[in-house]
There are 2 protein chains.
Amino acid sequence: MPAPKRGRRPGQNETRQAVLEAARARFATDGFTATTIRRIAADAGVDAALVMQFYKSKDELFGAVMSVPPEALDRMTEAWKGPADGIGERVAQAFLEVWERDPRTSAPLLAMLRGTIARDQAAGHMRDFIEARLMRGAAAHLRDDHDTRLRIGVAAAMLVGIIVARCVVQVPTVADESLETIAATAGAALQELLTPTEQSSGTGRQPAS
Amino acid sequence: MPAPKRGRRPGQNETRQAVLEAARARFATDGFTATTIRRIAADAGVDAALVMQFYKSKDELFGAVMSVPPEALDRMTEAWKGPADGIGERVAQAFLEVWERDPRTSAPLLAMLRGTIARDQAAGHMRDFIEARLMRGAAAHLRDDHDTRLRIGVAAAMLVGIIVARCVVQVPTVADESLETIAATAGAALQELLTPTEQSSGTGRQPAS
DNA sequence: CGCTAATATCAACACGTGTTGAGATTTTCG
DNA sequence: CGAAAATCTCAACACGTGTTGATATTAGCG
C-alpha cells in the first residue's frame with residue numbers, strides 16, 4: 001500500500017464531522033477513559049494529531065460531543081405541562097422516547113451517560129447483582145408471573161437510579177435530603193408500582209395513543 | 001489430607017486486609033480504570049508488586065472487593081416479605097439503609113456502583129444536566145415548593161435509573177421490554193409520585209418507625 | 001504567480017500503566 | 001540449626017497514552 005497522501009484533500013470538508021461522529025460513537029460505546037484519541041482517529045480515517053489540532057484536548061472533544069440538541073430538552077419539558085391526570089405516563093413516555101427512540105437525541109444523551117460508565121467487567125457485575133440478587137430475592141416473596149417480574153425490575157432500576165443520583169452524581173435536591181424523606185417519597189411511588197390499582201394492571205396493556 | 005502448614009504463618013495478616021481496604025476505598029472513589037495498582041499499594045503502605053502477588057491481576061483484586069456481604073442481601077430480601085400494605089416504603093427504606101447507612105454493607109456496594117462510574121468530568125455533566133435541564137424544566141410547569149422540587153428530583157432519578165438499567169447495564173427483564181410497556185409501568189408509579197394522594201403528602205413526614 | 005491559512009501525516013516525547021523476575025528478609029517447621 | 005516457604009522490595013520491561021513540533025500538500029485569494 002502506497003503512503004497515504006499528505007496535505008489538504010480536495011473537495012468538501014467533511015472530516016471535522018467525521019471525527020465528531022466517530023468520537024460520539026466511541027464515547028458512547030467504550031466510555032471516556034477507555035476511548036483513545038488514536039481509536040477515534042482510526043475510526044474517522046485520519047491521524048491522531050489531526051484530532052488534537054481540531055480540538056485542543058481530549059476533554060474539549062468530549063465537551064463538543066456532549067452538546068444536547070435543544071429539541072430533546074423541549075420535548076421532555078413539554079411533557080410536564082398539561083393536566084395532572086396521566087402526567088406520570090406522559091413524562092415517562094417522552095423521557096424514554098428522547099433517550100432511546102430518536103437517534104438524533106439519544107446519541108449525545110447516551111454518549112453522556114455511557115461516557116461516565118466504564119465499559120469494564122463492572123457493568124456485568126452490576127447486571128448480575130441486580131438480576132440475581134435483587135430481583136430473584138424479591139420474586140421469591142411475590143407472585144412469579146411475567147408482569148410481577150417486570151414490576152420488580154422497574155422498581156430495582158428506580159432504586160438504583162436514586163442511589164446513583166444521591167451517592168455518585170450527587171444531584172443537590174435529591175442528595176441533600178435525609179434517607180427517611182427519600183424513602184418515604186420513593187416508597188409511595190413504589191407502592192403503586194408493586195401493588196397496582198385496577199386501572200393500571202396487566203402486562204400487554206397498550207398506552208393511550 | 002492433613003494440612004501441613006508449612007512456611008511463614010500469617011501471624012499478622014494485616015497487610016492483606018490493608019490492601020483490600022485500600023483497594024475498596026480507591027475503587028469506590030475513583031472508579032476502576034482511574035484506580036491504579038500503585039496508588040492502592042501506596043495507600044496500603046506496600047509495594048505495588050506485593051499487591052500483584054496477593055491478587056494475580058487488577059481484575060481479580062476488583063473481584064475480591066466486589067464481595068457483597070450476605071447480610072446485605074438478606075436485609076433487602078426480607079423487606080419484600082410481609083403485608084402488601086406499606087411494601088413500597090419498606091423496600092425503599094431497607095434498600096437505602098443497606099446502600100447508604102451501614103458502612104459495612106455500603107462500602108462494597110458503593111465500590112461496585114462507583115467502580116463502574118468514571119470519576120471524570122462526565123459525572124459533573126450528568127449532574128448539571130439533571131439539575132438544570134430536567135428538573136428546572138419540570139419545575140416551570142409545576143408548583144415551586146420544596147416538596148414538589150424533591151418529588152421532581154426523585155422522579156428524574158428514577159427515570160435515569162431505568163435508562164441505565166436498559167441501555168447501559170442491560171438488565172434482561174427491564175431491557176427486553178418494549179418502550180411502551182416500560183413507560184406504562186413506570187408511568188403509574190410516577191403518577192403517584194407527582195400527584196400524591198392525601199396520606200402520602202408532606203415533606204418532613206416521619207415514616208412509620 | 002505568490003502568499004497565507006487550513007489540512008493532513010509523521011516521528012517522537014514524556015509519562016503512567018499492569019506486570020514480571022530476581023533477590024532480600026523474616027517466619028515457620030522438621 | 002537448616003531448609004522451606006511466605007512476605008516484601010527493587011528495578012525494569014513492554015506497551016499505550018495524550019500531546020507536540022516539524023513538515024508536506026492543498027485551497028483560496030489578490
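Convention: sequence-line order gives letters A, B, ...; per-chain numbering from 1.
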Between P of D:dT20 and CD of A:E60, the distance in whole Å: 12 Å
Side-chain heavy-atom pair A:V164, B:V160 within 4.5 angstrom cut-off: no
Under 3.5 Å between N/O atoms: give me all the protein pairs with nucleotides 9-11 of chain D, atom names plus distance.
| from | atom 1 | to | atom 2 | distance (Å) |
| --- | --- | --- | --- | --- |
| D:dT9 | OP2 | B:D47 | N | 2.7 |

A:R26: which residues meet the side-chain hydrogen bond (donor to acceptor under 3.5 Å, both in side chains) condition with it, sequence neighbours left out? A:D30, A:D43
Please report the distance, rounded to the nearest Å, between CD in A:E14 and P in D:dA27. 15 Å
Where the side chain of B:T195 meets the backbone of B:Q191, is there a donor-acceptor pair that is under 3.5 Å apart? yes
Nearest-0.5 Å distance, OG1 of residue A:T148 to NE2 of residue A:H141: 14.5 Å
Of A:E97, A:R90, A:E89, the one forming a side-chain hydrogen bond (donor to acceptor under 3.5 Å, both in side chains) with A:Q93 is A:E97
Which class fits the ring pair B:F62 and B:F27: parallel under 30°, tilted 30 to 60°, perpendicular over 60°? perpendicular
Would you tell me if any nitrogen or oxygen in the side chain of B:T15 comes within less than 4.0 Å of OP1 or OP2 on D:dC8? yes
Starting from P on D:dT20, measure out to CZ on A:F54 and report it in whole angstrom. 16 Å
Give the rounded distance in Å between these two atoms: CD of B:Q17 and C1' of D:dT7. 17 Å
Could you give the angle between the helix axes at the two ends of the helix from C:dC1-D:dG30 to C:dG30-D:dC1, with five pairs per end, rounded to 10 degrees? 10°
Counting only distance, no hydrogens or angles, is the base of D:dG16 paired donor-acceptor with the side chain of A:R38 under 3.5 Å? no
To the nearest angstrom, how far is A:K56 atom NZ from D:dG21 atom P? 14 Å
A:R16 side chain near C:dT7 phosphate (N/O to OP1/OP2, under 4.0 Å): yes
